[in-house]
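Structure first, commentary second.
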Amino acid sequence: MELDKLTVSIRPRNAWEAIDLGFAMARHWFFPLWLLWLALALPLSLLTLWLFSAQPALAAVALWWFKPLYEPPLLFWLSRALFGEPLALRQVLRQWPGYGGRQLLANLSWRRFSPNRSFYMPVAVLEGLKGKVRRHRISVLGRDQHAASWLTLAGLLFELILELSFLLLLWVMLPDELRPLDLQQLLLAPGGTVEWLLYVADLVTMSVIAPFYVAGGFALYLTRRSELEAWDIEIGFRRLMKRRWPLHGMVAGLLLTLILLSPFEGERLQAAEIDRGQARAEIQVVLADDVFGERRQEGYWEYLGSSERSSQSGFWLRVIALLESLGRLVARLGEFLLWFGAVLLLAWLTYRIVGDLRGKRPRPKGEVAPKMLPVVVSGLDLTWSSLPRQLVRAVREQLDEGYYREALSLLYRGALSREVHRHRLEIPGSATEWECMALVQAVRPAEEAAFFRQLTRLWMQLAYDHAIPSRGQVEGLCREWESVFGGEE
Amino acid sequence: MRQDRFEQQHLPLWEELTLLLDDLERPRRKRQLSADRYARLPWLYRQLCNHYAHARGRHYSPDLEQQLHVLVLQGHRALYRQGGGGWQPLIPFITNGFPRALRRNARYFWLAAALFLLPALLIGVLCYSDPDLIYSVLDEQQVLDIEVMYDPFNGKPGRLEGRSSETDFQMFGYYIANNIGIGFRTFAGGILAGVGTLLLLLFNGLVLGSVAGHLTRIGYQDTFWSFVSGHGAFELTAIVICGAAGLLLAHAIVAPGQWTRLEALKRNARDALKLVMGAALMLLLAAFIEAFWSSSGVASEIKYLVAALLWLLVAAYLAGAGQRGAG
Amino acid sequence: MKEAGSPSRFPSSDPQLDTARHYETPEGIALVMRVAGPVVRAWAWAIDLAIRAGVYLLISIPFAYLGGIGTAGTLIGFFLIEWFYPVVFELRSGSTPGKQAMGLLVLHDNGTPVALSPSLIRNLLRAADFLPFLYGAGLVTMLLNRDFKRLGDMAAGTLVVYRDIPPERHPLPSAAPVALPGDFTGEEQQVLLAFGERAARLTRERRAELAGILSELSGREGEAGVEKLYAYASWLARGR
């Protein structure tokens, strides 16, 4: 029993999370748990079938009732697997009388309806407590704990869901000729194959859910105890001791299973007396169970007189009539609005589609379809709207303010934009300044190309070498701009 | 550094961050802090991550560690939130996203169409030639109802009850709830290895085909076809698209290819969702047409004309919308 | 000794069974998300069901008097609630009222709040999870899946986790600090701090018993041993 082999993470969790841990355990060890359950349940089911061979429904009830008989081995196995010591299934079964037989009578009679069955099971099965001590322990463990009853109820619902799902699936897959005529008959008719089918479905779903239910309750118990007794701290302390005083550590190595399986003396934990409110709640839970009588609703027909209404209800009739006519009015109006909306929507869609099919949307004059026009070249925004209308003037204004960099940038962007938008030069968005220049030189007249080369050179010196051009150079470019691209628009 | 000093030193930062994160979790219009205070958020969060790493590395007390971890989680949720839940992208979705997604997955569409239409066609022809076959698909009462609905002397095709704006609305609601629900289920059935999708497509195809065949055989073709053809443009296409979405999921489950099943499923689900949402919008439109136009007493010639236009519109939309710029 | 198999929050190299999932953020922090299992989610769903039933009633009563248009309203309302009730709440606050009540939250696998399309996917696929009867498929997949995912969660890449609430800080006892003799690893120091924080919530007997394990270290037994451990914890947190 080495602590290092603890296979489950013990940390503070809320009750729901503890149940989830149990489900993770059940999933991880599903097959051994499932086989353990079947190992006891199958013989018993054969026995019940033999006893109640005429009434499979009774056999199913018996199978359900004796659940506390085949759940303890799962718990026992889990408590060992927790420390990385999974037992052989045969071993678990052989030891069954030792742990499984404890308080069997109580478990199979009044405790059968306890909503906390799986949560409290470790107290009896692993700790072997009974009588007053057991009650004491349970009252400490169960203080402010509600999740266990919800777990039991959920287990019941899950069984039901799985069973009905299974049957419905079977029903769907059954060929037409084999189906009984209606579903009601299938579920309610006594005797016959259908009830046997139900019995098998019962057995299967119970066996599937049982590992999850038992492990969920066990994890809840573990979490609660480790919270009350600070197991994580104990483990840490023991490890500390083992490192610094190895001799003591050897002895301490056994521990946790011992803690787990030995009763924690009730005195170590302060137990609260059950107060009246809690007692009343528990009594209510017990009384609410089906065993204590049932409530039945029955319907019958009775003559209540003619349906003529008194004058007082006449007022309400009129109100209702008014509401109804209002409804009709709203409907008429609504229909009109809906029609209107639909026509608008259709028109809009048609407009879009026609535009799309032509490959272009109607757009303002002077602009060319943007398909081949880059909006950004070398990271410079070339859209029409981003440039001032009177570009050269804007450049000069910036020169006056001393913003050479901005001025030259504007000039360069403007020139590029003109090439792209007015002369439809196809410049890819990724083009560098040199590539732009080469493109312009290839297509445009010599004068324009010379201007562009000059501009590009100045711009690149500024942009990459931080060489500020002289005012005269920029002024010269502005003048050339006017002769190349014409005056302002 | 001792835990206490560490806490004292950084507490103001944690408190400022908590304040910001709490404010951020409120609905947009109820937020109290100004935008410039949020500018510090990323920096604060990075600091917090540092502190948390320190607290873990230096083995400070579990409570402190947990307190910082909760704050880290909250910060992570706030900073890495993906895309708002707004509905602004609806229009680009209609004009581009949906038709493009459909064309990307055209082969699923054609497969779903075949699964829906071929059985329909087959059973239609069979029902047309064999008067008893319809009863193996529908029961007697259903057949009777359908015959009443499409009786040429009914004057309100497709309905059992009278026609007014009110019943039109009633049917509008019914068509929305029912048809879009069927569409969603057809999609969802795909995750069950396609079985659900397959069954729903086949079943709907069989019902439609048999009814069409039967009604044509007994001479109600005019009322039936003029009723169905209009909204069918949207409705039938949309159901097939939902089927395509389901098949997309099924493909990921059955043949995930180079991905794990889970990964393939996640990838295909994205496109499938686009198809379903687009189909839901089409079904909405179909419900409207079915409730207010198909059931009206307009002459069937006009209905056929409108139907032809609608089919053209749908085809053009699905084939053409969003072509531009699609690369 | 090796660190493997250490309990609680102390990390281990051996994979222990746990319901916590780790996700490493770009900042290099391992986020811990505690995934929620079928039981708690079933009850969250039941609460939502009750709420939805209430809303159905509220919708259908006034509409019942409005004739055809009322019927339309009822039907459309039912349709919207059936399919989009969870989507609306998941986008607003990360969880439906039922999940909120059970302390749950829907997140992407990477710990970020769920966005529109994953939310739509996981909720439309409810139709598949619901089959054949009352979430039969969803239940089976949740029992089979390590992260308790139903079909919708798998396709959408979402997790249902417990909402983390800032813990109540428990102050360390204000004992006069005493320096720890010798050198201790970080984990060991942390256990002592944890003892300082938690001891007040344990019974007196249990406290003494735990301190007894370290009597070799503190040189004291019983209540005096507890006080000595408090003093160590105080020194670890505050220094002299």
Side-chain angles (χ1 to χ4, degrees), chain A residues 2-14 16-17 19-21 23-25 27-28 150-151 154 157-158 161-162 164-165 168-169 172 212 216 228-245 248 252 267-270 320 323-324 326-328 330-331 334, chain C residues 1-2 4-10 12 14 16-20 34-40 42-43 65-70 72 102-103 131-137 139-140 143-144 146 148 162 182 184-185 187-188 190-191 194-195 198-199 201-203 205-206 209-210 213-214 216-217:
Chain A
E2 290 287 318
L3 263 184
D4 300 354
K5 289 182 182 158
L6 196 69
T7 52
V8 170
S9 158
I10 300 285
R11 58 181 170 88
R13 300 160 189 271
N14 69 35
W16 299 110
E17 246 193 302
I19 295 177
D20 295 341
L21 176 69
F23 273 53
M25 283 157 74
R27 200 183 68 84
H28 189 71
W150 293 112
L151 169 65
L157 286 176
F158 288 174
I161 290 170
L162 281 190
L164 284 175
S165 294
L168 274 172
L169 262 187
V172 169
F212 290 94
L228 285 171
E229 299 169 36
W231 281 7
D232 45 343
I233 291 179
E234 169 155 359
I235 292 170
F237 278 7
R238 290 198 187 274
R239 186 170 305 133
L240 192 157
M241 287 302 290
K242 198 171 158 186
R243 188 177 70 88
R244 296 186 65 94
W245 289 277
H248 296 271
E267 294 70 42
R268 290 204 320 212
L269 296 163
Q270 293 152 347
I320 289 168
L323 273 175
E324 276 169 354
L326 195 72
R328 272 196 294 278
V330 173
Chain C
M1 74 174 239
K2 59 181 181 144
S6 62
S8 121
R9 62 193 85 236
F10 318 115
S12 83
D14 272 353
Q16 290 180 320
L17 270 182
D18 200 353
T19 52
R34 301 165 298 145
V35 292
V39 177
V40 66
W43 292 120
Y65 292 108
L66 283 174
I69 201 168
M102 302 307 285
L131 294 172
F133 173 76
L134 205 61
Y135 288 96
L139 177 62
V140 170
L143 291 180
L144 289 174
R146 216 174 70 92
F148 300 124
Y162 289 93
F184 288 80
T185 66
E187 279 93 3
E188 287 164 358
Q190 193 176 29
V191 175
F195 179 75
R198 296 256 302 274
R201 283 171 286 161
L202 302 172
T203 61
E205 290 80 6
R206 180 65 183 153
E209 193 179 28
L210 283 176
I213 301 174
L214 293 186
E216 209 79 28
L217 169 71

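So you know, we letter chains A, B, ... as the sequences are listed, proteins then strands, and number each from 1.
The CG atom of L17(C) sits 14.5 Å away from atom CZ of F23(A), with the distance rounded to the nearest 0.5 Å. The structure places CG of D18(C) at 11.5 Å from OG1 of T7(A), a figure rounded to the nearest 0.5 Å. Note: L202(C) CG to I233(A) CD1 = 6.5 Å, rounded to the nearest 0.5 Å. Interatomic distance, F148(C) CZ to D20(A) CG, rounded to the nearest 0.5 Å: 5.0 Å.
Note on ring orientation: taking the six-membered ring where Trp is involved, the planes of F237(A) and F195(C) are tilted (angle from 30° to 60°).
With sequence neighbours left out, R27(A) forms a salt bridge (Lys or Arg N to Asp or Glu O under 4.0 Å) with no residue at all. For the side chain to side chain contact (heavy atoms under 4.5 Å, CB included) test, residues two or more places apart in sequence or in another chain that qualify with F133(C) are L164(A), S165(A), L168(A).
Contacts between L134(C) and chain A at a heavy-atom distance below 4.5 Å involve backbone atoms as well as side-chain atoms. With a 4.5 Å cut-off on non-hydrogen atoms, I161(A) touches chain C through its backbone and its side chain both. Using a 4.5 Å cut-off between heavy atoms, V140(C) contacts chain A through its side chain alone, with no backbone atom that close. With a 4.5 Å cut-off on non-hydrogen atoms, A20(C) touches chain A through its backbone and its side chain both.
Most heavy-atom pairs under 4.5 Å with chain A, from the set A42(C), A72(C), A36(C): that is A36(C).
Not one N or O on the side chain of W150(A) forms a donor-acceptor pair closer than 3.5 Å with the backbone of W43(C).
G236(A) and V191(C) make their closest contact through CA-CG2, 3.9 Å (heavy atoms, listed as atom of the first residue, atom of the second, distance). Closest non-hydrogen pair, E17(A) versus T19(C), comes out as OE2-OG1, 4.2 Å.
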Verdict with reasoning, I19(A) to V40(C), per side-chain contact (heavy atoms from CB on, under 4.5 Å): CA-CA 9 Å; I19(A) 295 177; V40(C) 66; over 6 Å; no
